[in-house]
Amino acid sequence: MRILSAISLGLVTVACASSQKPAVATGQETRQPVAARQAEAPKDGAVAIHVDESIRKACGIQDSKAWFDFDSADLKNKDLPVLNDVAKCFTAGPLKDRKLLLVGHADPRGEFEYNMVLGGERADSVKQYVLDKGMDSQRVSTSSRGEMEAKGTDEPTWAADRRVDVRLAQ
């Protein structure tokens, strides 16, 4: 009976621990509220959706000037026109027979594992949007690079790390 109780307690502890987000290394004891985080917009050039040059040329797409908020995988309204163009190009345009790869990224301010998950959630968010626009799920794949390619050192450059790369899949 003691063994079963110990196993049950261990499972509850693991389940509770795994549902919590890892701490974010920001140098502060507590994280800022959402309203304050949204005010931390980068100066220029950060893109939430970075469309590969080959896709932009084939589809006539311009990159959007947007970013993912800190600790968020939510798409913003300003990202939607470029995603509409991508979906249209891959469903009825010049790339209608090609496959799409979505690679999520994060800035380096969280634990490695958390940033990998967050990058994946960002890629999945974009995937769900293009699937809702008619793309075949068999032609869209996702991956995450988390913080592995992050180059930022402050808010404007961290914002550039928070993105999804839209690429042609091989």
Side-chain angles (χ1 to χ4, degrees), residues 18-22 24 31-42 44-150 152 155 158-170:
S18 66
S19 67
Q20 296 175 356
K21 293 181 182 179
V24 176
R31 293 179 25 191
Q32 297 174 338
V34 173
R37 283 189 263 140
Q38 290 174 346
E40 298 174 348
D44 289 310
V47 292
I49 310 301
H50 179 263
V51 180
D52 188 70
E53 182 70 22
S54 60
I55 296 173
R56 289 184 15 227
K57 282 184 178 181
C59 304
I61 296 173
Q62 300 295 316
D63 265 342
S64 63
K65 299 295 182 206
W67 60 91
F68 283 101
D69 285 333
F70 177 71
D71 196 29
S72 173
D74 295 336
L75 293 172
K76 294 182 177 187
N77 286 336
K78 62 177 107 180
D79 299 323
L80 303 184
V82 73
L83 291 178
N84 290 335
D85 291 343
V86 168
K88 183 177 178 180
C89 186
F90 276 81
T91 56
L95 300 177
K96 66 181 174 187
D97 296 322
R98 300 294 304 269
K99 293 182 178 180
L100 187 61
L101 172 62
L102 305 168
V103 182
H105 298 270
D107 69 40
R109 294 181 288 169
E111 297 294 325
F112 180 83
E113 295 82 10
Y114 179 73
N115 286 337
M116 288 298 291
V117 170
L118 183 57
E121 289 174 350
R122 288 174 173 157
D124 289 342
S125 181
V126 173
K127 178 180 180 176
Q128 188 57 56
Y129 187 84
V130 297
L131 292 179
D132 290 347
K133 294 296 179 183
M135 283 204 63
D136 178 4
S137 64
Q138 299 298 315
R139 295 188 320 128
V140 184
S141 59
T142 62
S143 71
S144 176
R145 299 290 294 158
E147 66 186 66
M148 290 190 283
E149 296 172 4
E155 183 52 40
W158 286 327
D161 291 333
R162 300 189 301 258
R163 68 184 189 280
V164 171
D165 292 338
V166 178
R167 303 176 182 166
L168 285 171
Q170 302 301 334

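Throughout, residue positions are numbered sequentially from 1 according to the sequence presented.
A donor-acceptor contact shorter than 3.5 Å is absent between the side chain of Thr142 and the backbone of Ala123. Not a single donor-acceptor pair under 3.5 Å links the side chain of Arg145 to the backbone N or O of Ala150. Under a 3.5 Å cut-off, the side chain of Asn115 and the backbone N or O of Asp107 do form a donor-acceptor pair.
When the side chain to side chain donor-acceptor pair (under 3.5 Å) test is applied to Ser144, no partner is found at least two apart in sequence or on another chain. Remark: Glu121 engages no residue in a side chain to side chain donor-acceptor pair (under 3.5 Å) (not counting sequence neighbours). Taking Asp85 as the reference, nothing meets the salt bridge (Lys or Arg N to Asp or Glu O under 4.0 Å) condition, with sequence neighbours excluded. Partners of Ser143 according to the side chain to side chain donor-acceptor pair (under 3.5 Å) rule, which considers only residues two or more places apart in sequence or in another chain, do not exist here. Legend: residues meeting salt bridge (Lys or Arg N to Asp or Glu O under 4.0 Å) with Asp161, ordered by chain and number and at least two apart, are absent. Not counting sequence neighbours, the partners of Glu53 by the side chain to side chain donor-acceptor pair (under 3.5 Å) test are Arg56. With sequence neighbours excluded, no residue forms a salt bridge (Lys or Arg N to Asp or Glu O under 4.0 Å) with Arg139.
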Worked verdict on Gln128 versus Asp132 for side chain to side chain donor-acceptor pair (under 3.5 Å) = CA-CA 6 Å; Gln128 188 57 56; Asp132 290 347; 2.8 Å; yes
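Leu75 is listed as a side-chain neighbour of Ile49, based on a closest heavy-atom distance under 4.5 Å. Considering only heavy atoms from C-beta on, Asn84 comes within 4.5 Å of Tyr129 through its side chain. Taking the side chain as every heavy atom from C-beta outward, Val126 and Arg122 never approach each other to under 4.5 Å.
A salt bridge links Arg162 to Glu155: one of the charged nitrogens lies within less than 4.0 Å of a carboxylate oxygen.
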Donor-acceptor contacts, no H, no angles, side chain residues 90-106, under 3.5 Å, sequence neighbours left out:
from: Thr91; atom 1: OG1; to: Ala87; atom 2: O; distance (Å): 2.8
from: Thr91; atom 1: OG1; to: Lys88; atom 2: O; distance (Å): 3.3
from: His105; atom 1: NE2; to: Asp165; atom 2: OD2; distance (Å): 2.8

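For residues 100-138, no residue pair satisfies the disulfide bond (SG atoms under 2.5 Å apart) rule, not counting sequence neighbours. Judged as a disulfide bond (SG atoms under 2.5 Å apart), the pairs with a partner in residues 76-123 (not counting sequence neighbours) are, in order, Cys59-Cys89.
The minimum heavy-atom distance linking Asp136 with Leu131 is given by the pair C-CD2, 3.9 Å.
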